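Have a look at the structure below before the remarks.
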Amino acid sequence: MDPLQTVVNPDIPSIARVYDYMLGGKDNFAADRAVGDQLFALNPDSRAATLENRAVLVRAIRYLAAERGITQFLDIGSGLPTQQNVHQAAQAINPDARVVYVDNDPIVLVHGRALLAENDKTVVIQADMRDPQSILTDPHVKAMLDFDEPVALILCGVLHHLDEAEDPRGVVRSFMDRMPAGSHVFITHFARSGPNSEIAERILIAGIGSGRFRTAQEIEELFEGYELAEPGVVFAPEWRPEEPIEEELEDWQRLLMGGVAEKR
């Protein structure tokens, strides 16, 4: 992952902009599209997998807001605004829900602030998830979230951009240690589920400098110390689907695994 930047360099691919392209967005440059096109060439269903990652995010937010009563959300690595953002899903259930978006891409800051200009219960900041303290002590974050009350930590499709030396489990723990009992964490992560996952990992590393597919056990270890909600850590389409899954999952449906867990 690139270090925090304040100036956009269109020649260097950005995680947020690559995902924007794969979601069908327009806030991306040729360098971002080149990485996305390599992933599409490897697996033409990569866009469907990216959309599924967004869909499971919305399902998780609805679960947290409606069934667990969470009213505060900290979305790390939020990416560029798209359809059904966290604040929209949460505030559709509870209009008083408060959301902080965090991303290290300056374009996300610009677009996010424009989108949220009239939403006084939502804020976006530019910061890097590898420095949790800078996020937790940011005045905008402290003004929006009450860390004496439960918070939902959202790490949707971001921890797989950290290698082992960057300690993704430690990142989760640093945030959750600041939050009280009753807080939750939602994670999705690229799964090492076949030969294509190894090729996709190499494409991400070559294109944007980071990408680490992990096994189901490694992904489960990211939740260590917290109580997993049913159905546990599963492939994204299997996490509380709106309709029963009648057929065996296709390869693209096995690209991402995730789950939700509660701090007791």
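Just so you know, these numbers come straight off a predicted model, no measurement behind them.
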Heavy-atom side-chain contact between [X] and [Y] under 4.5 Å:
| X | Y | result |
| --- | --- | --- |
| F186 | L153 | no |
| L39 | L204 | yes |
| R62 | I93 | yes |
| R33 | V18 | no |
| P231 | W239 | yes |
| I245 | E238 | yes |
| R113 | L109 | yes |

Answer yes when [X] and [Y] have at least one side-chain N-carboxylate O distance shorter than 4.0 Å, and no when they do not.
| X | Y | answer |
| --- | --- | --- |
| R212 | E166 | no |
| D105 | R17 | yes |
| E149 | R98 | no |
| E262 | R264 | yes |

I'd like to know if the side chain of [X] reaches the main chain of [Y], judged simply by a donor and an acceptor atom lying under 3.5 Å from each other, with no hydrogens or angles considered.
| X | Y | result |
| --- | --- | --- |
| D167 | G170 | yes |
| Q88 | Q84 | yes |
| E201 | F213 | yes |
| E52 | Q253 | no |
| E67 | L64 | no |

query = When you check the side-chain N and O atoms of N119 and Q91, is any donor under 3.5 Å from an acceptor?
reply = yes
ask   = Between T188 and N53, do the side chains contain an N or O donor and an N or O acceptor separated by less than 3.5 Å?
value =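 There is such a pair between these side chains.
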inquiry  = Going by salt bridge (charged side-chain N to carboxylate O under 4.0 Å, His left out), R214 matches just one of E220, E164, E221, E198. Which one?
reply    = E164
query = Can you get from L255 to L162 by hopping between Ile, Leu, Val, Met, Phe, Trp and Tyr side chains that sit under 4.5 Å apart?
reply = no
Stepwise ring-ring contact (aromatic ring centres under 6.0 Å, His included) check, F40 with Y21 = CA-CA 11 Å; F40 287 142; Y21 172 59; 5.8 Å; yes
Aromatic plane relationship, Y63 with H184 - under 30° parallel, 30 to 60° tilted, over 60° perpendicular = perpendicular
query = Are Y101 and H87 close enough, and set up right, to give a ring-ring contact (aromatic ring centres under 6.0 Å, His included), and what steps lead you there?
reply = CA-CA 9 Å; Y101 292 110; H87 73 281; 5.8 Å; yes
